[in-house]
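Small disclaimer: the values here were computed from a predicted structure and weren't measured. To find a chain, count down the sequence lines: A is the first, B the second, and so on, and within it residues start at 1.
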There are 2 protein chains.
Amino acid sequence: MKKEKTTIHDIARKLNITASTVSRALKDHPRISVETKKAVQKAAQKLNYQPNHIAAALRNGRSNIIGVIVPTADRSFFSSVIRGIEEVANSAKYNVMICQTYDSYEKEIASIDALLNARVDGIIVSYSKSTLNFDHYNRVKERGIPLILFDRSNDELEVSHVVIDDFLGAFKATEHLIQQGCKRIAHFTNTRKISIYKERLRGYRDALEQHGLTYDESLIVASDLQLEDGRRSMTQLLDKKPDGVFSASALGILGAMQVLKENNYKIPDDVALVGFSNEAFTSFTEPALTTVEQHSMRIGNAAAEIFLQEVTADSEKFIPQKIVLKPELIIRSSSLRKK
Amino acid sequence: MKKEKTTIHDIARKLNITASTVSRALKDHPRISVETKKAVQKAAQKLNYQPNHIAAALRNGRSNIIGVIVPTADRSFFSSVIRGIEEVANSAKYNVMICQTYDSYEKEIASIDALLNARVDGIIVSYSKSTLNFDHYNRVKERGIPLILFDRSNDELEVSHVVIDDFLGAFKATEHLIQQGCKRIAHFTNTRKISIYKERLRGYRDALEQHGLTYDESLIVASDLQLEDGRRSMTQLLDKKPDGVFSASALGILGAMQVLKENNYKIPDDVALVGFSNEAFTSFTEPALTTVEQHSMRIGNAAAEIFLQEVTADSEKFIPQKIVLKPELIIRSSSLRKK
DNA sequence: TCCTAAAATGCAATCGATTGCGCATGGAAC
DNA sequence: GTTCCATGCGCAATCGATTGCATTTTAGGA
């Protein structure tokens with residue numbers, strides 16, 4: 001294997017010009033004549049020249065890499081967001097480096113350090129559930145590197161973020177259940193008081209109250225919202241006789257559905273179900289699950305666009321912005337009662 | 001925001017020594033005195049020094065980044081592999097850069113170029129379904145960069161790869177169906193003649209023949225193995241009266257299950273089902289799906305370990321190796337008939 | 001006290017691309 | 001025939017860490 005390493009100097013030597021000229025020619029600098037540019041391009045082609053981004057990165061202090069930190073890529077929500085980021089980033093000549101934290105605070109810090117050391121130009125994060133301390137994010141800000149949060153965000157940190165209107169999503173979901181005739185609607189929320197869950201709870205509550213239903217605390221169950229949690233929550237709710245459940249997560253409502261079916265409840269007639277996050281499996285279940293679609297790809301697009309604005313802006317003067325996208329309720333048979 | 005950029009020179013200046021000494025001290029070079037090392041570490045801490053990996057990468061031609069290319073991270077199989085790679089890579093001080101191709105050949109080429117330009121030290125790939133030409137991989141080899149394939153591999157390319165024994169997985173799956181009493185077992189395979197699908201088909205066929213069942217071509221359906229394909233395949237198979245189905249994909253068998261249930265077949269008694277790939281949703285269905293577990297995390301570990309061997313080896317002299325992991329059949333209710 | 005080997009550190013080049021500034025050439029304007 | 005300016009390109013420093021080799025310092029022995 002030939003470890004070819006054609007550099008601009010090789011091109012320069014071949015054409016009897018200097019590396020500066022080659023560099024400028026390749027970047028289409030106006031001060032370089034058209035003929036020289038053509039010659040350089042031809043030579044570059046012939047020598048199979050591949051620009052060394054690392055050298056360029058060192059020189060101008062930019063790596064053209066965006067770091068993305070997510071709890072796990074193994075969920076359509078996050079992987080769609082990543083795809084959305086990639087779309088925008090790639091077309092602006094940026095690469096994306098993905099780190100997964102598996103919802104661990106330590107891994108999150110390690111990821112931040114790794115990205116910082118890799119000298120990424122910006123970091124887009126949905127932080128882990130177990131993150132309570134935000135010092136590592138301040139380190140990012142101190143370095144003057146654009147930081148953008150999505151989904152899970154935090155108002156203490158003065159950074160831009162992209163979120164969906166969790167309140168609205170929850171409101172729509174709950175209202176839909178009410179319109180289907182539900183009177184006793186339970187809600188699965190998260191034990192951790194992350195804003196997204198607080199907002200979903202608020203949306204649920206507001207919908208009830210606006211439709212003249214009373215908010216009954218005994219119908220609220222807090223957990224980690226995974227599958228098993230959903231099962232446990234539903235089991236403990238059975239004797240409360242709910243006729244509808246709105247879960248702040250997708251797995252949670254799946255657990256509820258399993259328990260209900262095992263106990264011979266009819267869905268949606270006995271109990272109607274609505275979840276959050278349009279994960280692939282929600283359309284595979286029987287009945288298919290009604291859920292709140294978060295338009296994850298667009299979240300990614302928006303986050304990447306904010307990043308692009310921030311890097312080009314006068315840095316110091318950039319005002320953090322907040323983008324709130326509207327969620328959409330996807331109605332499927334787990335909640336749609338026949339008239 | 002202070003754009004602090006502490007370099008080894010800053011540390012050197014502060015301690016009245018040179019950057020060389022600082023560099024060596026930080027790397028625990030034996031020729032540096034213990035006191036100096038301590039002083040350097042203390043100063044580095046105080047000045048909040050962060051090594052610039054880019055500069056180091058330029059100097060020694062290694063970026064300490066491993067590129068990983070997968071069709072999509074949004075599937076437990078791939079995301080587990082990635083996790084497996086990260087485990088090994090991180091503990092060897094490597095970072096991982098993930099690219100998704102969404103099964104597009106063009107995206108795959110673009111990813112290779114992006115990784116090459118980012119000067120990654122190695123590339124681990126599961127190539128896209130639409131990849132038929134492998135020139136871009138030869139470019140990687142020509143550059144002397146370790147290339148490792150996993151899952152989907154190719155014997156033409158003389159590179160290391162990590163695969164599971166697809167033949168064995170399929171054999172076990174089919175044999176299991178036979179043991180459950182199935183006589184007419186259908187098989188869903190992929191239209192694209194990728195080796196993994198050929199091997200699975202072979203395993204299926206061998207199991208039949210070893211158990212005295214005849215291989216009936218009319219029970220083989222080729223498709224892209226997605227959900228809809230599975231549905232279509234099952235629908236067209238109904239009048240062939242199969243009593244068992246083994247699908248080379250997870251989504252395919254899900255489609256089959258849906259169609260069977262819609263037509264009031266009993267699973268597993270009328271038709272027993274087995275899929276491939278232990279995706280999360282396979283345990284959520286009712287009945288839960290029997291499937292072939294690929295030990296994806298270990299695949300990732302193995303791939304990363306091969307990479308580590310290759311980078312440290314005498315490069316030219318490295319002999320491509322092939323690692324074949326044993327799959328495991330996870331038996332769930334979609335195939336387990338009560339005696 | 002002097003000498004020498006060992007130990008500790010410094011020097012300077014290098015990795016490849018970028019860029020401010022300066023220099024040369026040529027044509028146009030007066 | 002000068003002056004001026006636009007055009008086209010070269011020079012050399014720079015980004016930060018690394019490393020072979022040179023040099024200085026130290027310690028130990030004679």
Got a sec, which pairs hit ring-ring contact (aromatic ring centres under 6.0 Å, His included) with one end in residues 103-131 of chain B, sequence neighbours left out?
->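 Residue pairs passing ring-ring contact (aromatic ring centres under 6.0 Å, His included), neighbours aside: Tyr105(B)-His136(B), Tyr127(B)-Phe134(B).
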
Let me know the distance between [atom1] of [X] and [atom2] of [N], rounded to the nearest Å.
{"X": "Ile11(B)", "N": "dT9(C)", "atom1": "CD1", "atom2": "C1'", "answer": "16 Å"}
{"X": "Leu26(B)", "N": "dA17(D)", "atom1": "CG", "atom2": "P", "answer": "9 Å"}
{"X": "Glu35(B)", "N": "dT25(D)", "atom1": "CD", "atom2": "C1'", "answer": "13 Å"}
{"X": "Asn52(B)", "N": "dT18(D)", "atom1": "CG", "atom2": "P", "answer": "10 Å"}
{"X": "Ile54(A)", "N": "dT14(D)", "atom1": "CD1", "atom2": "C1'", "answer": "18 Å"}
{"X": "His53(A)", "N": "dA17(C)", "atom1": "NE2", "atom2": "P", "answer": "10 Å"}
{"X": "Asn64(B)", "N": "dG16(D)", "atom1": "CG", "atom2": "C1'", "answer": "16 Å"}
{"X": "Ile32(A)", "N": "dG20(C)", "atom1": "CD1", "atom2": "P", "answer": "14 Å"}

Does the side chain of [Y] come within less than 4.5 Å of [X]'s, by heavy atoms?
{"X": "Val163(A)", "Y": "Ile323(A)", "value": "no"}
{"X": "Ile145(A)", "Y": "Leu147(A)", "value": "no"}
{"X": "Val324(A)", "Y": "Ile164(A)", "value": "no"}
{"X": "Leu325(B)", "Y": "Ile299(B)", "value": "yes"}
{"X": "Asn301(B)", "Y": "Arg298(B)", "value": "yes"}

Inter-end axis angle, the helix from dT1(C)-dA30(D) to dC30(C)-dG1(D), with every axis fitted to five base pairs (rounded, 10 degrees) |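 End-to-end axis angle: 60°.
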
Enumerate all atom pairs, one protein N or O and one N or O from nucleotides 10-13 of chain D, separated by less than 3.5 Å.
residue: dG10(D); atom: OP2; partner: Thr18(A); partner atom: N; Å: 3.1
residue: dG10(D); atom: OP2; partner: Thr18(A); partner atom: OG1; Å: 2.9
residue: dG10(D); atom: OP2; partner: Thr21(A); partner atom: OG1; Å: 2.2
residue: dG10(D); atom: O6; partner: Arg24(A); partner atom: NH1; Å: 3.2
residue: dG10(D); atom: O6; partner: Arg24(A); partner atom: NH2; Å: 3.3
residue: dC11(D); atom: N4; partner: Ser20(A); partner atom: OG; Å: 2.9
residue: dA12(D); atom: N6; partner: Ser20(A); partner atom: OG; Å: 3.3

Taking atom types as modelled and ignoring hydrogens, do the side chains of Glu108(B) and Thr131(B) form a donor-acceptor contact shorter than 3.5 angstrom?
->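 The criterion, which ignores hydrogens and geometry beyond distance, is satisfied for Thr131(B) and Glu108(B).
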
Position toward the 5' end of DNA chain C (nearest nucleotide), Asn60(B) or Pro30(B) |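 Looking at the nearest nucleotide for each, Pro30(B) comes out on the 5' side.
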
When you measure from the side-chain N and O atoms of [X] to the phosphate of [N], is any distance below 4.0 Å, counting only OP1 and OP2?
{"X": "Thr36(B)", "N": "dT9(C)", "result": "yes"}
{"X": "Lys27(A)", "N": "dT19(C)", "result": "yes"}
{"X": "Ser23(A)", "N": "dT18(C)", "result": "yes"}

Give, for atom CD1 of Ile124(A) and atom CD1 of Ile69(A), the distance between the pair rounded to the nearest 0.5 Å.
->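 Spacing of CD1 (Ile124(A)) from CD1 (Ile69(A)) equals 10.5 Å.
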
Donor-acceptor contacts, no H, no angles, side chain residues 91-103 of chain B, under 3.5 Å, sequence neighbours left out:
residue: Ser91(B); atom: OG; partner: Glu87(B); partner atom: O; Å: 3.3
residue: Ser91(B); atom: OG; partner: Val88(B); partner atom: O; Å: 3.0
residue: Tyr94(B); atom: OH; partner: Arg62(B); partner atom: NH1; Å: 3.4
residue: Gln100(B); atom: OE1; partner: Ala73(B); partner atom: N; Å: 3.0
residue: Thr101(B); atom: OG1; partner: Asp103(B); partner atom: N; Å: 3.2
residue: Tyr102(B); atom: OH; partner: Glu86(A); partner atom: OE1; Å: 3.0
residue: Asp103(B); atom: OD1; partner: Lys129(B); partner atom: N; Å: 2.7
residue: Asp103(B); atom: OD1; partner: Arg152(B); partner atom: NH1; Å: 3.2

Between protein and nucleic acid, restricted to nucleotides 5-7 of chain C and to nitrogen or oxygen atoms under 3.5 Å apart, what atom pairs and distances do you find?
none

What pairs of donor and acceptor atoms, side-chain ones from residues 49-59 of chain B against any protein atom, are under 3.5 angstrom apart with sequence neighbours left out?
residue: Gln50(B); atom: NE2; partner: Asn117(A); partner atom: OD1; Å: 3.4
residue: Asn52(B); atom: OD1; partner: Ile54(B); partner atom: N; Å: 2.8
residue: Asn52(B); atom: OD1; partner: Ala55(B); partner atom: N; Å: 3.2

Asp74(B)/Arg75(A) salt bridge by N-O under 4.0 Å criterion |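 Here Arg75(A) does not pair with Asp74(B) in a salt bridge, since their nearest N and O are not under 4.0 Å apart.
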
Ser76(B) and Ser79(B): CA distance, side-chain angles, deciding distance, side-chain hydrogen bond (donor to acceptor under 3.5 Å, both in side chains) verdict = CA-CA 5 Å; Ser76(B) 19; Ser79(B) 81; 5.9 Å; no

